[in-house]
> 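Pasting a structure below so you can have a look.
Below, chain A is the first sequence line, B the second, and so on; all start at residue 1. All values below come from the heavy atoms of this structure, side chains included, with hydrogens, waters and symmetry mates left out.
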Protein chains: 2
Amino acid sequence: MRVTKQRTAILDFLRSKRHHYSATQIYDAVREKIPNISLGTVYRNLAQLIEDKEIISVETSDKCVYYDGFTADHAHFVCEGCKEIFDFPLILEDSEPSKAGFLVENQRVVYYGLCAKCNKK
Amino acid sequence: MRVTKQRTAILDFLRSKRHHYSATQIYDAVREKIPNISLGTVYRNLAQLIEDKEIISVETSDKCVYYDGFTADHAHFVCEGCKEIFDFPLILEDSEPSKAGFLVENQRVVYYGLCAKCNKK
DNA sequence: TTCCTTATTAGTAATGATTACTATTATCAT
DNA sequence: ATGATAATAGTAATCATTACTAATAAGGAA
């Protein structure tokens, strides 16, 4: 695997923000530094970065995937009001699948609802 | 909301199987009873059934959404070997978001890994 | 440093799930 | 039975993601 300025820029961007971005949002952001970067390059590098466990993906009920440079185990909360995605700590117990002899490599916890601000309205 | 044979057939199908199906799989299955049902009809009814809390949707890292007629709270395990989706009980504690004043309307727990059978290989 | 191999890229086309649109049909309250 | 209108079939459009290919650039060897 070669170190390219494209991959570096994508990873730097995700690491610099404690937020969650779609491929298109990442594309737009990185284009400010590398104006002719291709969207395909963004997708390919995101896939590689996930494989290398440098970033994680967040699947919500949205039609697109979000990417997160913060890789420590945590849960996500998707606000159905403002659409914001919040991080929450994840309390890990002995999971049911591992008790059943399944190998758990990853787990995703996503809450849906209203954040404190939207809940008040 | 009117009761149509299309919506009834979709709901009956999902309820009759303890499994998870994509919109296309549901379309194919229901077409055996209603040969000229439209895929758009399937999607529209699935959306309505979710709104009425008659079914739930399962978002995985797959590009398509799966639908589940079993609505009691439970977790899903996606096997990266055989691609099967398994159900697991979900132990609910006081969630972190609710402690923070967020209104949790839904929560999704998805594990990724290898099921017992694939793990042995 | 220069050269060579080959991974990576830019640009574009293709795919595939989902949504939108519209004329027609069927549900159900009256 | 009938009329208002919600729902449908069929098709076209959208949009995220993937595939493809000729050109480029990373990095090891000379």
> Rounded to the nearest angstrom, tell me the gap between atom NZ in A:Lys63 and atom C1' in C:dT19.
7 Å
> Round to a whole Å and report the spacing from NZ of A:Lys5 to C1' of C:dA10.
11 Å
> Give the rounded distance in Å between these two atoms: CG of B:Asp28 and P of C:dG16.
14 Å
> Apply side-chain contact (heavy atoms from CB on, under 4.5 Å) to A:Val110 and B:Gln107, showing your working.
CA-CA 6 Å; A:Val110 184; B:Gln107 72 177 307; over 6 Å; no
> Would you kindly give the OH-to-P distance between A:Tyr21 and D:dA16, to the nearest whole Å?
18 Å
> I want to verify a distance call: between C:dA17, C:dT27, C:dA10, whose nearest atom is closest to the A:Asn36 side chain?
C:dA10
> Rounded to the nearest Å, what distance is computed from the CD atom of residue A:Gln25 to the C1' atom of nucleotide D:dA16?
13 Å
> Let's test your reading of the model: under 3.5 Å, does the base of C:dT6 pair with the side chain of A:Arg2 as donor and acceptor?
yes
> Using only side-chain N and O atoms of A:Gln6, determine if any of them is under 4.0 Å from OP1 or OP2 of C:dA10.
yes
> Do any side-chain nitrogens or oxygens of A:Thr41 fall under 4.0 Å of OP1 or OP2 in C:dA10?
yes
> Tell me whether B:Arg108 forms a cation-pi arrangement with A:Tyr111, defined as NZ or CZ under 6.0 Å from the six-membered ring centre and within 45 degrees of its axis.
no
> Need to verify one output field. Residue with the more 5' nearest nucleotide on DNA chain C, B:Tyr67 or A:Arg7?
A:Arg7
> Describe, in one word, how the ring planes of B:His74 and B:His20 are oriented to each other, choosing from parallel (under 30°), tilted (30 to 60°) and perpendicular (over 60°).
tilted
> Less than 6.0 angstrom from the centroid, inside 45 degrees of the normal: does A:Arg15 satisfy that with respect to the ring of A:Phe13?
no
> Whole angstroms only, please: what is the CD1-P distance between B:Ile37 and C:dT25?
17 Å
> So, do B:Leu11 and B:Glu54 sit near enough that their side-chain heavy atoms are less than 4.5 Å apart?
yes
> Reading DNA chain D from 5' onward, which residue's closest nucleotide shows up sooner: B:Gln48 or A:Ala23?
B:Gln48
> Think B:Tyr43 has a side-chain N or O under 4.0 angstrom from the OP1 or OP2 of C:dT18?
yes
> Rounded to the Å, how far apart are A:Tyr27 OH and C:dT12 C1'?
12 Å
> Select base, sugar-phosphate, or nothing to describe what A:Leu39 touches, counting heavy atoms under 4.0 Å on all strands.
base
> Where each residue is assigned the nucleotide of DNA chain C containing its nearest heavy atom, which of B:Ser22 and B:Met1 is assigned the position nearer the 5′ end?
B:Ser22
> Round to the nearest Å and state the distance from B:Tyr66 atom OH to C:dG16 atom P.
14 Å
